[in-house]
S.K.: 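Below is the structure I would like to discuss, written out as structure tokens.
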Amino acid sequence: MTTTIFHNPRCSKSRQTLELLNENGVSPQIVKYLENPPTIEELKEILDMLGIAPRELMRKSEAEYKAQGLADENLSDEELIAAMVKTPRLIERPIVIKNGRAALGRPPVSVLEIL
């Protein structure tokens, strides 16, 4: 079964997670999500696998978060998901997926539980 990592090469946690996967004999399919963002449907699936709400997957410290007014508690999950697809920098990383399960590499070792 394929393992996939939603990866940002400029992010240290993402690089550490990829290195950890490789050290454990896993050669994941690498999705550079900033260049190839997930679709709305894919992001909904990922959120379901992670078992978290859209806001929990958002990088709240990004300038785009504030600029787009995403701290507004009245925004729906659909609106938050659409914002992440439109502005993939808002998606927390890295995300590793295997066998219908997903884990956020924060800290990187947390992805080992789904391998």
Side-chain angles (χ1 to χ4, degrees):
M1 192 79 185
T2 304
T3 301
T4 303
I5 182 171
F6 284 79
H7 180 58
N8 176 354
R10 295 185 61 200
C11 169
S12 63
K13 293 282 188 246
S14 202
R15 291 192 309 270
Q16 290 167 11
T17 301
L18 182 56
E19 187 177 323
L20 186 63
L21 290 171
N22 289 326
E23 286 169 2
N24 282 274
V26 177
S27 297
Q29 172 187 350
I30 298 171
V31 175
K32 292 183 179 173
Y33 71 95
L34 293 177
E35 298 165 18
N36 299 301
T39 64
I40 287 175
E41 293 74 26
E42 288 170 331
L43 195 53
K44 283 181 180 178
E45 261 182 57
I46 290 167
L47 287 162
D48 283 346
M49 286 187 265
L50 288 168
I52 62 175
R55 193 174 298 281
E56 294 174 78
L57 190 61
M58 297 185 95
R59 297 177 56 82
K60 296 168 189 70
S61 60
E62 295 292 339
E64 292 88 345
Y65 185 82
K66 292 171 186 64
Q68 293 179 37
L70 297 172
D72 182 347
E73 293 295 326
N74 295 314
L75 292 173
S76 69
D77 285 355
E78 299 290 326
E79 290 169 307
L80 296 174
I81 290 168
M84 285 188 276
V85 169
K86 179 180 160 229
T87 312
R89 281 175 47 114
L90 293 168
I91 302 171
E92 189 61 83
R93 70 232 175 201
I95 302 166
V96 175
I97 299 172
K98 181 173 183 164
N99 294 333
R101 296 175 66 204
L104 199 51
R106 293 191 169 265
V109 294
S110 64
V111 303
L112 295 178
E113 63 193 47
I114 67 164
L115 297 182

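Atom set for the values below is all heavy atoms of this structure, side chains included, hydrogens, waters and symmetry mates excluded.
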S.K.: Got a second to check how far L80's CG is from E78's CD, nearest 0.5 Å?
M.R.: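 L80 atom CG to E78 atom CD measures 9.5 Å (nearest 0.5 Å).
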S.K.: Given the rule that I, L, V, M, F, W and Y join up when any side-chain heavy atoms are under 4.5 Å apart, are L34 and V96 in one cluster?
M.R.: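 Not linked; separate clusters.
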S.K.: Determine yes or no for a side-chain-to-main-chain donor-acceptor pair under 3.5 angstrom, with S14 supplying the side chain and P94 the backbone.
M.R.: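 It does not hold such a pair.
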S.K.: In Å and rounded to the nearest 0.5 Å, what is the CG to CD1 distance from N8 to I30?
M.R.: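 N8 atom CG to I30 atom CD1 measures 12.0 Å (nearest 0.5 Å).
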S.K.: Going by heavy atoms in the side chains, are L18 and P108 under 4.5 Å from each other?
M.R.: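 Heavy-atom side-chain distance check fails, nothing below 4.5 Å.
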S.K.: Locate the shortest heavy-atom distance separating L90 from A83; write the atom from each residue and the value.
M.R.: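 Closest heavy-atom pair between L90 and A83: CD1-O, 3.8 Å.
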S.K.: Are any side-chain N or O atoms of N24 and backbone N or O atoms of V26, one a donor and one an acceptor, separated by less than 3.5 Å?
M.R.: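 No; judged by distance alone, with no hydrogens or angles, the pair does not exist.
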S.K.: Test: salt bridge (charged side-chain N to carboxylate O under 4.0 Å, His left out). Region: residues 82-99. Which pairs qualify, not counting sequence neighbours?
M.R.: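 Salt bridge (charged side-chain N to carboxylate O under 4.0 Å, His left out) check on residues 82-99 returns R59-E92, E62-R89, E64-R89, E92-R106.
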S.K.: Let me confirm one number: the CD1-CD1 distance from I91 to I81, rounded to the nearest 0.5 Å.
M.R.: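 Rounded to the nearest 0.5 Å, the CD1-CD1 separation comes out at 10.0 Å.
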S.K.: Surrounding NZ of K32 (heavy atoms of other residues, nucleotides or ligands, distance under 6.0 Å), is the total greater than 12?
M.R.: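 It does not: K32 NZ has 12 such atoms or fewer within range.
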S.K.: Under a 3.5 Å distance rule, please check whether R15 uses its side chain to pair with a backbone N or O of R10 as donor and acceptor.
M.R.: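 It does hold such a pair.
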S.K.: Should L104 and V111 be counted in the same cluster of Ile, Leu, Val, Met, Phe, Trp and Tyr side chains packed under 4.5 Å apart?
M.R.: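 No, separate clusters.
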S.K.: Out of curiosity, does L20 fall in the hydrophobic cluster containing I95 (side-chain heavy atoms, cut-off under 4.5 Å, transitive links)?
M.R.: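 No, separate clusters.
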S.K.: When clusters are formed by joining ILVMFWY residues with side-chain heavy atoms under 4.5 Å apart, either directly or through shared neighbours, do Y33 and I5 land in the same one?
M.R.: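 No, Y33 and I5 fall in different hydrophobic clusters.
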S.K.: Indicate, with yes or no, if M49 and M58 share a hydrophobic cluster defined by side-chain heavy-atom contacts under 4.5 Å among Ile, Leu, Val, Met, Phe, Trp and Tyr.
M.R.: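 Yes; tracing contacts between hydrophobic side chains, which count when under 4.5 Å, links both residues.
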S.K.: Can you measure from OG1 (T17) to CG (L21) and round to the nearest 0.5 angstrom?
M.R.: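 Between atom OG1 of T17 and atom CG of L21 there are 7.0 Å.
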S.K.: Would you name the heavy atoms of S110 and A103 that are closest together and state the gap between them?
M.R.: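 S110 and A103 have their closest heavy atoms at O-CB, 3.9 Å.
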S.K.: Once rounded to the nearest 0.5 Å, what's the spacing between atom CE of M84 and atom CG of L57?
M.R.: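 The distance works out to 5.0 Å.
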S.K.: In Å, rounded to the nearest 0.5 Å, how long is the span from CD1 of I97 to CZ of F6?
M.R.: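 Going from the CD1 atom of I97 to the CZ atom of F6 covers 4.5 Å.
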S.K.: Give a yes or no answer on whether the side chain of R55 reaches the backbone of L70 with a donor-acceptor pair at less than 3.5 Å.
M.R.: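 The answer is yes, because a donor-acceptor pair under 3.5 Å joins these two groups.
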